[in-house]
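Since the structure comes first, as structure tokens, the remarks are kept for the end.
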2 protein chains.
Amino acid sequence: MSSTHTHSKKSQSLTKNQKIVLNLLQNSGEALKAYSILDSLKKEGLKSPLQIYRALDKLVELGKIHKIESRNSFIVCNNSNCASNTVFAICERCGNVKEIKNSDLSEGVKELVKKNRMNVTRYNLEFFVLCKSCKTN
Amino acid sequence: MSSTHTHSKKSQSLTKNQKIVLNLLQNSGEALKAYSILDSLKKEGLKSPLQIYRALDKLVELGKIHKIESRNSFIVCNNSNCASNTVFAICERCGNVKEIKNSDLSEGVKELVKKNRMNVTRYNLEFFVLCKSCKTN
DNA sequence: CACCTTTATGTTATATTATTACATATGTAA
DNA sequence: TTACATATGTAATAATATAACATAAAGGTG
Ligand SMILES: [Zn+2]
Ligand SMILES: [Zn+2]
Ligand SMILES: [Zn+2]
Ligand SMILES: [Zn+2]
């Protein structure tokens, strides 16, 4: 035993199911739905929706993934740290989702927040677009 | 007979069910869920989810109402014409939803769109806030 | 270590949200 | 009239998400 140096770093504290779900989302690179994730993970032993939703909830809470609200799907965070302020471009034709850095938006958002005296915790912006691939077809 | 003067104005072309649903949303003034709308309209003779969803779909399409994606609820449009570009403040504590004019946002959005070379059809921005009433309690 | 608390897991059942499929009716235009 | 598009009614079912409860693992305190 000796060095059972409990690597209890906060940063790698994902549990088994959380790791499995995160891996799938990372490897897929696209937005996935909960029940499609469940299907894909039957072989890993996960067999109930709740196992998926619990992992997803936690990963969202940790900022590792985001939920695409208008599509009930989930995608890995593309940025280092969104602080849960998210911007997506969602293709209306093929459903492709791409996360966008929100830096350019901050000024406009700040003004809007100030003018409306809002106590903003976070925000989520969804652009509905025709993606490059769909535009050329 | 005689004057069956078909009042076929495009502007008032809502159908019976569409009018009933829109009226309820207008009178309530708050965001409502489809099945709660259904419950409220049992007395008007609407009895299946599909009757509600069809009316809601059409009203959204016409821009009369909006869907709050993160809450699966619907609210009357608060502006004259959003062109389906919507901004909401959603209280995380009580669920209250308020539509916000998006004029101040346009510059930041335009830049973001330009920088990412997006072909944007429309957008939806959801601010998660602590509303005034909840802040004081 | 023993003890307690918190967090995660497994499992079943159920709630909530939304659509498919098909038959009928109504509105609009040539 | 005929044709076509749009709206309605109704039943069944699909897709998304949570409640409830039992058990297990992880973490902190003394
Ligand atoms: Zn992100
Ligand atoms: Zn596309
Ligand atoms: Zn509006
Ligand atoms: Zn509130």
Side-chain angles (χ1 to χ4, degrees), chain A residues 1-2 4-25 31-62 64-75 95 97, chain B residues 1 3-25 31-62 64-75 95 97:
Chain A
M1 314 317 140
S2 59
T4 51
H5 57 297
T6 66
H7 19 176
S8 64
K9 288 92 188 165
K10 208 66 170 181
S11 64
Q12 60 122 281
S13 60
L14 292 187
T15 67
K16 173 177 143 270
N17 289 357
Q18 290 159 16
K19 280 180 199 155
I20 292 173
V21 170
L22 181 58
N23 270 331
L24 180 69
L25 282 168
L32 299 178
K33 285 169 171 272
Y35 276 74
S36 133
I37 291 172
L38 177 56
D39 280 345
S40 301
L41 295 180
K42 289 274 169 66
K43 44 178 166 331
E44 316 274 349
L46 285 85
K47 41 191 170 186
S48 98
L50 199 43
Q51 293 175 298
I52 306 301
Y53 280 109
R54 286 201 280 225
L56 289 172
D57 285 351
K58 192 65 181 187
L59 292 168
V60 166
E61 188 188 320
L62 295 173
K64 304 278 188 188
I65 68 174
H66 303 298
K67 180 173 187 181
I68 317 296
E69 296 289 357
S70 66
R71 303 188 67 90
N72 303 315
S73 63
F74 300 84
I75 195 168
V97 177
Chain B
M1 323 316 146
S3 75
T4 49
H5 57 296
T6 67
H7 18 176
S8 65
K9 288 91 187 166
K10 206 67 172 182
S11 64
Q12 60 123 278
S13 60
L14 293 186
T15 67
K16 174 178 142 270
N17 288 357
Q18 289 158 17
K19 279 180 199 156
I20 293 174
V21 170
L22 181 57
N23 270 332
L24 181 68
L25 282 167
L32 300 178
K33 285 170 170 269
Y35 276 76
S36 130
I37 293 173
L38 177 56
D39 280 346
S40 301
L41 296 180
K42 288 273 169 67
K43 43 176 167 333
E44 316 276 348
L46 285 85
K47 41 191 170 185
S48 98
L50 197 44
Q51 294 175 298
I52 307 300
Y53 280 109
R54 286 201 279 225
L56 289 172
D57 286 351
K58 193 65 181 186
L59 292 169
V60 166
E61 188 189 321
L62 295 173
K64 304 278 189 188
I65 68 173
H66 304 299
K67 180 172 186 181
I68 317 297
E69 296 289 358
S70 65
R71 302 188 68 89
N72 303 315
S73 63
F74 300 85
I75 194 167
V97 177

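Convention: sequence-line order gives letters A, B, ...; per-chain numbering from 1.
In this structure, the nucleotide among dA20(D), dA18(C), dT10(D) sitting nearest to the side chain of R54(A) is dA20(D). For Q51(A), whose side chain is taken as the heavy atoms from C-beta onward, the closest listed nucleotide among dT10(D), dA7(D), dT11(C) is dT11(C). Listed nucleotides: dA18(C), dG9(D), dT11(C). Nearest to the side chain of P49(B): dA18(C). Side-chain proximity of L50(B) to dT17(C), dT9(C), dT10(D): nearest is dT10(D).
Counting to the nearest Å, the P atom of dG27(C) and the CD atom of Q18(B) are 13 Å from each other. Here the P atom of nucleotide dT16(C) and the CD1 atom of I52(B) are 17 Å apart, to the nearest Å. Atom CG in L14(B) sits about 16 Å away from atom P in dT6(D), given to the nearest Å. Following rounding to the nearest Å, K19(A) (NZ) and dT7(C) (P) show an atom-to-atom distance of 18 Å. Between the C1' atom of dA5(D) and the NZ atom of K58(B) lies a distance of 11 Å, rounded to the nearest Å. Rounded to an integer number of Å, the gap from L46(A) CG to dA8(C) C1' is 12 Å. Per the geometry, CG belonging to L38(B) stands 16 Å off P belonging to dA15(C), to the nearest Å. Spacing between atom CG of L32(A) and atom P of dA15(D) amounts to 16 Å, rounded to whole angstrom units.
Checking the phosphate oxygens (OP1, OP2) of dT9(C), a side-chain nitrogen or oxygen of T15(A) falls inside 4.0 Å. At least one side-chain nitrogen or oxygen of K16(A) sits closer than 4.0 Å to the OP1 or OP2 atom of dG10(C). Regarding contacts with the backbone of dT10(D), a side-chain N or O of K47(B) is found under 4.0 angstrom from either OP1 or OP2.
Residue-nucleotide stacking is not present for Y53(B) and dT19(C), judged by a side-chain ring centre under 5.5 Å from the six-membered base ring centre and planes under 30° apart. By the 5.5 Å and 30° criteria, Y35(A) is stacked with the base of dT16(D).
A donor-acceptor pair under 3.5 Å is absent between the side-chain atoms of K64(A) and the main chain of K58(A), judged by distance alone. A distance-only check finds a donor-acceptor pair linking the side chain of Q18(A) to the backbone of T15(A) [under 3.5 Å]. At distances below 3.5 Å, not a single donor-acceptor pair connects side-chain atoms of E44(A) with backbone N or O atoms of L41(A).
Between N72(B) and N17(B), the residue whose closest nucleotide on DNA chain D is further toward the 5' end is N17(B).
Under the side-chain hydrogen bond (donor to acceptor under 3.5 Å, both in side chains) criterion, S70(A) pairs with E126(A), sequence neighbours left out.
Looking at heavy atoms from C-beta onward, I37(A) lies in side-chain contact with L56(A) at the 4.5 angstrom threshold.
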